[in-house]
Amino acid sequence: MKNQEISEIFFRMADILEFKGEVPFKVNAYRNAARLLADLTSDIEDIWKQGKLGELPGIGKALQGKIEDYLLNNKISQYEELLKQIPKDLFLLLSIQNFGPKTAALAYKKLGVETLDDLEKAIRNGKLAELPGMGDKKIAKISKGLELLKTSQERISIGIALPVIDGIKSYLKENAGSILKRLSHAGSTRRGRETVHDIDILAESDNGPELVQIFVKMPNVTQVLGAGDTKASIILNDRIQVDLRVVKKESYGAALQYFTGSQAHNIRLRGIAKNHGLKINEYGIYDGDRKIGGEEEEDIYKLLGMDWISPELREDRGEIEAALARTLPDLVTIDDIKSDLHIHSTYSDGQLGIKEMSEIVRTFGYTFMAICDHSKSAFYANGLNEDRLYQQIEEINELNRQNKGFHILAGCEVDILPNGDLDFSDNILKKLDFVISSIHSAFETEPTKRTLAAIHNPYVDVIGHPTGRLISRRDGFAVDMNEIIKHAAETGTALEVNSYWDRLDLSDINIKKAIDNGVKLSINTDTHHPNHLPMMELGVATARRGWARKQDIINTMTLDSFRAWQKRNTI
DNA sequence: GCCGTTTTCGGCCCGACTGTTTTCAGTCG
């Protein structure tokens with residue numbers, strides 16, 4: 001799909017135009033279009049073929065022409081032209097903190113700075129300091145930014161960030177005592193994004209300076225980037241930046257709304273406020289000079305005539321229109337989840353036996369679970385052959401006889417082989433209660449065709465981690481998600497939302513697309529170790545970001561309705 | 001660049017912070 005490719009070009013064109021000193025509104029037009037394309041759940045090529053490009057908000061004549069250029073010629077000629085006029089490593093240079101487009105342009109024009117090395121040299125030989133507006137402190141900040149870029153990690157997974165947030169919250173509660181009132185995380189972690197750049201913490205207190213001091217003296221703070229009376233920024237464990245912002249009671253709601261973002265969502269809200277003759281900032285919502293709300297986050301949305309919007313939806317992907325029309329979806333919650341359907345045991349590569357694991361799973365409040373160990377071809381994971389599978393089914397049956405009020409489904413995560421066959425025959429699969437089917441090998445070999453074959457198998461209930469992406473390591477294999485969704489809808493096969501922190505596969509955008517086409521989803525942890533079980537929350541957050549409701553998720557069903565849903569029982 | 005029952009021209013979110021300034025530009029979120 002070309003959506004992503006064009007989106008990336010538009011983001012870069014925005015950077016270039018900004019570097020060239022274009023008016024900010026033009027730059028924003030490109031960024032808005034880039035975001036729209038990245039978030040789009042339908043194929044831009046289809047929209048173009050239907051002649052409906054102009055119906056997309058923010059896509060006018062000029063941008064339509066560029067999209068068309070790319071679809072016809074696989075390049076945007078104006079972008080190619082622009083690339084000739086900029087420093088070699090512009091995009092890298094612009095990622096340096098405290099080194100923005102204006103400074104980059106100045107350094108390029110006056111000193112010929114094209115790369116990080118050039119910049120470092122210009123700092124060392126004092127040339128940069130000779131430029132207008134450059135003082136010692138500014139140079140020092142740019143040096144720091146350059147240093148940070150060299151050592152800093154990529155965005156980190158939400159699965160890593162959330163436990164860090166829990167630790168910070170506990171620390172603050174223990175050490176700040178009565179000066180700390182309300183406390184929340186904000187930013188992209190609150191919105192449940194799969195990866196985050198930093199952690200935002202918001203606190204309510206009448207004593208900002210003291211709270212800030214407690215915060216910067218936290219254990220494992222390796223750098224204090226700044227600390228004032230109401231805010232501070234630190235680097236934790238040389239790894240992740242954490243920003244604290246302290247506000248008073250009357251502004252807490254407005255600040256929480258503001259710092260949760262996203263930026264695009266906030267910009268839309270402020271535009272709407274303006275149309276109503278109101279103004280929003282992080283301290284409250286105002287009618288002229290009169291403050292009319294801001295103590296609670298709900299105030300902001302209510303005063304703009306809309307429903308409160310769950311943080312996971314706040315990306316300006318249609319949630320504002322839905323909130324105004326009062327048609328926001330009733331999103332699935334963690335409390336709706338009644339089963340975890342993808343759990344490994346010591347039969348293959350899990351850490352616990354079925355009995356021990358099931359006892360822990362029960363404590364999550366679920367009423368059933370599925371053991372889905374690997375199949376025989378998964379040598380690397382100690383996959384089960386037919387005999388051991390029968391043995392496992394026997395053990396599960398025995399446990400179910402002993403267990404009242406909790407049921408274990410005998411399942412399997414059957415490999416989709418390179419030739420498109422499944423690793424077990426239908427005669428075996430039909431003996432199981434539940435089947436997940438996944439690709440674990442030969443990612444390059446017709447992954448779409450193989451997945452479709454699995455979808456059409458009458459015993460396959462769920463396609464596991466459908467794109468195979470690993471957030472920290474590799475992109476997904478090149479599956480045609482439109483085809484997979486179409487066939488999943490036709491056959492009544494669910495797609496997995498694998499909740500393991502490094503997978504979160506399907507992603508939010510694909511979840512939305514699946515739901516829009518009537519496909520059911522299965523949120524599972526793919527647990528190999530009991531520590532993985534709480535990751536259900538990550539899967540639920542990702543599903544919520546994809547606008548998933550309770551009725552879209554098979555894990556919210558009772559055991560009876562789940563069985564009635566299975567396609568093998570609907571024939 | 002886009003957009004329009006206020007507008008086909010003149011708007012386009014808002015504020016903090018910093019550093020370099022004699023009143024503001026750049027960067028960030």
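Reminder, nothing fancy here: chain letters follow the sequence lines and each chain counts from 1.
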Between [N] and [M], how far is it from one [atom1] atom to the other, in whole Å?
| N | M | atom1 | answer |
| --- | --- | --- | --- |
| dT7(B) | dG15(B) | P | 27 Å |
| dT8(B) | dA25(B) | C1' | 33 Å |
| dG29(B) | dT23(B) | C1' | 25 Å |
| dA16(B) | dG10(B) | C1' | 28 Å |
| dG11(B) | dC17(B) | P | 30 Å |
| dC12(B) | dG19(B) | C1' | 28 Å |
| dC13(B) | dC28(B) | C1' | 14 Å |

[X] [atom1] to [N] [atom2], straight-line distance once rounded to whole Å:
| X | N | atom1 | atom2 | value |
| --- | --- | --- | --- | --- |
| R191(A) | dG29(B) | CZ | P | 13 Å |
| H265(A) | dG29(B) | NE2 | C1' | 15 Å |
| Q263(A) | dC13(B) | CD | C1' | 9 Å |
| E22(A) | dG1(B) | CD | C1' | 9 Å |
| K26(A) | dG1(B) | NZ | P | 4 Å |
| F259(A) | dC13(B) | CZ | P | 18 Å |
| L202(A) | dG29(B) | CG | P | 17 Å |
| I300(A) | dC14(B) | CD1 | C1' | 13 Å |

Worksheet entry | Geometric class of the Y30(A)/F10(A) ring pair [parallel <30°, tilted 30-60°, perpendicular >60°] |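 Taking Y30(A) first and then F10(A), their aromatic rings stand perpendicular (interplane angle over 60°).
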
Worksheet item: How are the rings of Y301(A) and H265(A) set relative to one another: parallel (under 30°), tilted (30 to 60°) or perpendicular (over 60°)?
Response: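 Y301(A) and H265(A): tilted rings.
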
Worksheet entry | Side-chain (N3(A)) to main-chain (S42(A)) donor-acceptor, under 3.5 angstrom |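 Flag set: sc N3(A) to bb S42(A) pair under 3.5 Å.
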
Discussion item. Treating S233(A) as the side-chain partner and G226(A) as the backbone partner, does any N or O pair qualify as donor plus acceptor under 3.5 Å?
Written reply: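 Not at all, since once roles are kept as given, no pair shorter than 3.5 Å links the two residues.
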
Worksheet item: Among Q263(A), R193(A), R35(A), whose side-chain contact (heavy atoms from CB on, under 4.5 Å) with E315(A) holds?
Response: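 When side-chain contact (heavy atoms from CB on, under 4.5 Å) is applied between E315(A) and each of Q263(A), R193(A), R35(A), only R193(A) qualifies.
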
Worksheet item: Who does dT8(B) pair with, Watson-Crick or G-U, both distances under 3.5 Å?
Response: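 Check on dT8(B): unpaired, no WC or wobble geometry under 3.5 Å.
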
Fill in: Letter per nucleotide, 5' to 3', of nucleotides 20-28 of chain B [B base touched, S only sugar-phosphate touched, - untouched; heavy atoms, 4.0 Å]
S-----SSS

Response to the item:
Per-nucleotide protein contact along nucleotides 2-12 of chain B, 5' to 3', at a 4.0 Å heavy-atom cut-off (B base, S sugar-phosphate only, - neither), is SS--------B

Discussion item. Taking side-chain hydrogen bond (donor to acceptor under 3.5 Å, both in side chains) as the definition, give me every residue that meets it alongside N28(A), ordered by chain and number, with sequence neighbours left out.
Written reply: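 N28(A): no side-chain hydrogen bond (donor to acceptor under 3.5 Å, both in side chains) contacts found.
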
Going by atom types only, do [X] and [Y] share a side-chain donor-acceptor pair under 3.5 Å?
| X | Y | value |
| --- | --- | --- |
| E210(A) | N207(A) | yes |
| D69(A) | S77(A) | yes |
| R314(A) | S262(A) | no |

Worksheet item: Contact class for I280(A) (heavy atom, under 4.0 Å): base, sugar-phosphate, or nothing?
Response: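 Result for I280(A) = sugar-phosphate.
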
Worksheet item: Base, sugar-phosphate, or nothing: which does Y283(A) touch, judged by heavy atoms less than 4.0 Å apart?
Response: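 Sugar-phosphate, backbone atoms only, no base.
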
Fill in: 5'-most by nearest nucleotide on DNA chain B - L278(A) or Q241(A)
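Its nearest nucleotide lies further toward 5', so the answer is L278(A).
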
Discussion item. Using side chain to side chain donor-acceptor pair (under 3.5 Å), reason through T115(A) and D89(A) one step at a time and then give a plain yes or no.
Written reply: CA-CA 5 Å; T115(A) 65; D89(A) 289 343; 5.0 Å; no

Discussion item. Would you say N266(A) places a side-chain N or O within less than 4.0 Å of OP1 or OP2 belonging to dC13(B)?
Written reply: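 False: N266(A) side-chain N/O out of range (4.0 Å or more) of dC13(B) OP1/OP2.
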
Worksheet item: Between K513(A), R545(A), R191(A), which is the residue that forms a salt bridge (Lys or Arg N to Asp or Glu O under 4.0 Å) with D508(A)?
Response: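 The single option meeting the salt bridge (Lys or Arg N to Asp or Glu O under 4.0 Å) with D508(A) is R545(A).
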
Worksheet item: Could a donor-acceptor pair under 3.5 angstrom be found where the side chain of Y258(A) meets the base of dG15(B)?
Response: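 No, no donor-acceptor pair under 3.5 Å.
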
